[in-house]
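Below is one structure, written out as structure tokens, with a few remarks after it.
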Amino acid sequence: QVQLVESGGGLVQAGGSLRLSCAASGSIISINGMGWYRQAPGKQRELVADITSSGSTQYADSVKGRFTISRDNAKNTVYLQMNSLKPEDTAVYYCNVRGTRRYYGTFDYWGQGTQVTVSS
């Protein structure tokens, strides 16, 4: 099995910063990609940022220049540094991890979600 633990969400004022963390554990052989998605009320879940095993990154246009995704391969952890937060960033943020697990092959897991609320 693979477990994901998210942390770092909270309430901040517009212009503030938060750093989200997502740690993967379990019978993991390798991780190919890690990313962050978010879902706001009344909207579909959308990609925020993603990073591959080689370090290539992808960002939603709405967060480019403000958010930075990074990973610590030794700790199987992905981070999302969020700066200059705006009220429209308010959403539940979900960690996504893709890779290979022992005995069961490839996996695509989601974290439990962490609430980010940005006040104006």
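For clarity, every value in this text was computed on a predicted model and none was experimentally measured.
A distance of 13.0 Å separates SG in C22 from OH in Y109, rounded to the nearest 0.5 Å. Within the model, atoms CD1 of I69 and CD of Q58 stand 10.0 Å from one another, a figure rounded to the nearest 0.5 Å. The CG atom of N73 sits 8.5 Å away from atom CE of M34, with the distance rounded to the nearest 0.5 Å. Here CD1 of I51 is found 11.5 Å from CD1 of I31. Values are rounded to the nearest 0.5 Å. Within the model, atoms CD of Q39 and CD of Q44 stand 8.0 Å from one another, a figure rounded to the nearest 0.5 Å. Atom CZ of R38 is separated from atom CZ of F67 by 5.5 Å, given to the nearest 0.5 angstrom.
Side-chain contact check for Q115 versus V92: some heavy-atom pair is nearer than 4.5 Å. With contacts defined as side-chain heavy-atom distances shorter than 4.5 Å, the pair C95/V97 qualifies. Counting only heavy atoms from C-beta outward, the side chains of Y59 and R66 never approach each other to under 4.5 Å. Residues T100 and N32 form no side-chain contact, since every pair of their non-hydrogen atoms from C-beta on lies 4.5 Å or further apart. Using a 4.5 Å heavy-atom cutoff, the side chains of D89 and M82 are not in contact. At least one side-chain heavy atom of D72 sits under 4.5 Å from a side-chain heavy atom of Y79.
Annotation for G111 and L4: closest pair N-CD1, 3.5 Å, computed over non-hydrogen atoms. Residue S120 comes nearest to P87 through the heavy atom pair CB-CG, 3.8 Å, listed as atom of the first residue, atom of the second, then distance. Among all heavy-atom pairs drawn from W36 and L20, the shortest one is CH2-CB, 3.6 Å. Nearest heavy atoms, E6 versus T114: OE1-N, 3.3 Å. Between L18 and G8, the shortest heavy-atom contact is CD2-O, 3.7 Å.
Note: Y37 and W110 have perpendicular aromatic rings, judged against thresholds of 30 and 60 degrees for the angle between ring planes.
Counting only residues at least two apart or on different chains, the side chain to side chain donor-acceptor pair (under 3.5 Å) pairs with a member in residues 8-19 are S17-N83. Every pair passing salt bridge (Lys or Arg N to Asp or Glu O under 4.0 Å) that includes a residue from residues 49-61 is listed here, sequence neighbours excluded: D50-R98, D61-K64.
The main-chain N or O of T52 is found under 3.5 Å from a side-chain atom of R71 such that the two form a donor-acceptor pair.
Linking ILVMFWY residues whenever their side-chain heavy atoms come closer than 4.5 Å, directly or via other members, leaves Y94 and V48 in distinct clusters.
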